[in-house]
2 protein chains.
Amino acid sequence: MQQDVRLPLEGLQHAVAIDVLLHGPLSRKQLAARLGVSPGTLTRVAGPLLEAGLLVERALVQRSSSGRPGIGRPEEPLDLELGRDFYVGVKITENTLHCVVTTLRAQLVTEISRSLASLEPSAVADQITDVVGELSEEGRNIRALGVSLGGQVSRNSLVLEAPLLGWSDVDLGALLKDRMDLPVVVDNDVLSLVRAERWFGAAKDSDHFALITIGAGIGYGLVAGSGILEGPDPGLSTITHFPLGIGGGVCSQGHTGCAESLLTTKALLSRARLALDENVTHDELLALADTNPAAASIVETAAYGLGKLIASVANLALPEKIILTGDGVDLALANREALDRGISDHRNRRATPIDLEIQTVSFAEWARGAAATAIETFVVGR
Amino acid sequence: MQQDVRLPLEGLQHAVAIDVLLHGPLSRKQLAARLGVSPGTLTRVAGPLLEAGLLVERALVQRSSSGRPGIGRPEEPLDLELGRDFYVGVKITENTLHCVVTTLRAQLVTEISRSLASLEPSAVADQITDVVGELSEEGRNIRALGVSLGGQVSRNSLVLEAPLLGWSDVDLGALLKDRMDLPVVVDNDVLSLVRAERWFGAAKDSDHFALITIGAGIGYGLVAGSGILEGPDPGLSTITHFPLGIGGGVCSQGHTGCAESLLTTKALLSRARLALDENVTHDELLALADTNPAAASIVETAAYGLGKLIASVANLALPEKIILTGDGVDLALANREALDRGISDHRNRRATPIDLEIQTVSFAEWARGAAATAIETFVVGR
DNA sequence: GCAAGTTAGTTGCAATGCGAAACTAAGTCA
DNA sequence: TGACTTAGTTTCGCATTGCAACTAACTTGC
């Protein structure tokens, strides 16, 4: 007999829904093959999901199955209805709220920013509430909210420590739940970005990858195994003070030549000030490197050190793929040769080359990560 | 109806057998709870396994269930018959074959060593064949053979590169299969040790741990997720040339201050020769450190560097636990203070302390790892 | 030493979920 | 238009499971 649809979905129904969510429109045939069940079973499972409106049938397509194209009955791809439910992601920085609305598949729909009037937790919660209200005004059905920030977060709600915001032990999740009738999840910003990559981004088909962010800080996230984000101290960037032994700068905690002292935007600019005797921006420094040897030396040294860091991650965490992202990635893009040299100098010559993907990332991407976390928590489940 | 036993075991039968193998004698009640099935189902599954002799019932025990002890019907623990089938593990070093016989649960039964007459692959295969013959002579039913060595091994058979033996592209698995009628698996020695820890050792209940060996070389293995050993280049020790920036020695590949140049037995002894102007053994050097400042400086520097290495593994691979083992662990045991300083200096103060286990390891342990690999391959399966 | 209580293990029953295979549907090609 | 190809459906029967009533094996108290 045909089973009814009960939420949350369980068993095969759940597996079918998730596979469609993560891997785009799929025909029953394809789904049956992917999930290792018979076509008959898949028909039975998909039936109720279609009836309940959770899945929809898209236009028929002829599969050009290796050989002559389009013969036989066309496939009937099953897909999610993306125009109905939406998710909000908010990334909190020291002075701005970056907000996005996404579909269930974490595709960007709208993005807006708001200057933060105050860093006082309840004021921030008020402002987030206002923005969510605004975003749902246009008749959009918002299903969940994800919030991310730089810092350690416990139980998807409690901000243990957020140095840039000056928070410790702030239960932002509770503040938000008091203000709106919406499932809310709060998480570390880098981990949110990892989740977005894991489910909807460049690492969709990899279950073992690392993500490094450079910019104001150095972030690190690792995925190994079935969608599990690892680490006993989630949100504590254990890579920040990784000893690179290059450059000789001193970081905020007194380490000489650590990643923070070499790679953060602040570190780059303070070196530039010393060497060039003028204040420049990050972009100006990179541009200047084409003509000014002192500037070139600074950025090349940093890119080389970044390569060493990437090689160390590859050597010790053994990922299939490494994603490099963050505001500071231009450093890597503009000095690819020094970066690659840093990698190969610290990598066994017999090792397989690193699958390194460098992504430019906007603030909307960070906010999208927060939305992806909400989707993972409340839809993908488990 | 009651299902028969067909090998290899599948589904619940397989799950029950593996759980008993890995987690000792367990009653039906406990097994049902662990596997998440009803007691009735477990009775039905266990029946045929008992009938086929794969499982046996042990003496009844009264469970002292939190409160007054021993009330109600006692449990009937199911266990494996360990006195029937045996496994052989062989570790090949430059001059010796280290061989063990173990039970299905990788418990040591016998150990013997043989000097290698020649490093020629077919001669080594001959000698292994002889030893296995000898070990099975005493009426023991040997079910499988595991062989491990330092080097990269492909498809559990083909030795791509084994520098210490001078081998490259030697299909040792094929040579052995030609000589005996026994399932054979060949693997890297460090990975074998990791497998032994994973299934039968200190990491039995952890699914995310790292193992570091020090001695003649520096070995590294990482487990993350359901029993999966990670890494695109299995058996290639990506940690050997990890840059520690300590000590100033130069390694075989020209790196200054890398792990090899600081931590291997050879590196320690060559420093000792320089500083003390005499040849000492590893043990003598450690003993000398109590009285001789120069010797103390050498071993403390090395222990500090080892701590830095351990901290880096913890920071980048994010394991729950790190096992340190190998012939050279005495360095760590004798200089625990310097080791811990090296760790804490390179670890975020807010991070949870590393669960570090230091194990002394005999050559029999290495061979046991090989046996464990055979058991994993041919019994645990998948 | 026997009844009452407690926990482990077994069995009968009904429901479920699945695969196999025959069947229908929807297209192409000559 | 009919032969062919591939996707999706339906019917049938079977294996597996949980549930709940059952038996088995023990302790404790009288």
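Chain letters run A, B, ... following the sequence lines, proteins first and then strands; every chain starts at 1.
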So which protein nitrogen or oxygen atoms get under 3.5 Å of nucleotides 24-27 of chain C's nitrogens or oxygens?
unit_1 : atom_1 : unit_2  : atom_2 : d
C:dA25 : N3     : A:Arg73 : NH1    : 3.3
C:dA26 : N3     : A:Arg73 : N      : 3.4
C:dG27 : O3'    : A:Gln62 : NE2    : 3.3

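- Counting atom types as modelled, B:Arg44 pairs no side-chain N or O with a base atom of C:dG9 as donor and acceptor under 3.5 Å.
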- Message: Go through it in stages, so that I can follow the logic: the residues are A:Leu49 and A:Val20, the test is side-chain contact (heavy atoms from CB on, under 4.5 Å), and I'd like the CA-CA distance, side-chain angles, deciding distance and then a yes or no.
- Response: CA-CA 12 Å; A:Leu49 292 174; A:Val20 172; over 6 Å; no

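- With respect to B:Lys29 and B:Glu75, no salt bridge is recorded, no charged nitrogen being found less than 4.0 Å from a carboxylate O.
- By the salt bridge (Lys or Arg N to Asp or Glu O under 4.0 Å) test, A:Glu81 pairs with no residue at all, sequence neighbours left out.
- In this entry the distance linking CD of A:Glu57 with C1' of D:dG8 reads 10 Å, nearest Å.
- For the pair A:Thr41 and A:Glu75, both in contact range of DNA chain D, the more 5′-proximal nearest nucleotide belongs to A:Glu75.
- The stretch residues 24-39 of chain B comes close to DNA chain D through B:Gly36, B:Val37, B:Ser38, each having a heavy atom under 4.0 Å from the strand.
- Crowding of B:Arg143 atom CZ: a count of heavy atoms from other residues, nucleotides or ligands under 6.0 Å not exceeding 12.
- Salt bridge annotation for A:Asp205-A:Lys321: absent, with no cationic side-chain nitrogen under 4.0 angstrom from a carboxylate oxygen.
- To the nearest angstrom, C1' of D:dT16 lies 14 Å from CD of B:Glu10.
- Distance B:Glu76 CD to D:dC26 C1': 12 Å, rounded to the nearest Å.
- Salt bridge absent: A:Arg155 and A:Asp171 never bring a charged side-chain N and a carboxylate O closer than 4.0 Å.
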- For side-chain contact (heavy atoms from CB on, under 4.5 Å), just list the numbers for A:Ile375 and A:Phe200, CA-CA rounded to whole Å, side-chain angles, deciding distance to a tenth of an Å, and then say yes or no. CA-CA 10 Å; A:Ile375 296 168; A:Phe200 306 106; 3.8 Å; yes

- Item | Derivation of the side-chain contact (heavy atoms from CB on, under 4.5 Å) call for B:Glu76 and B:Leu60 | CA-CA 5 Å; B:Glu76 229 174 297; B:Leu60 304 186; 3.2 Å; yes

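- Contacts of A:Leu12 with the nucleic acid, taken as non-hydrogen atoms under 4.0 Å apart, involve only primed sugar atoms and P, OP1 or OP2.
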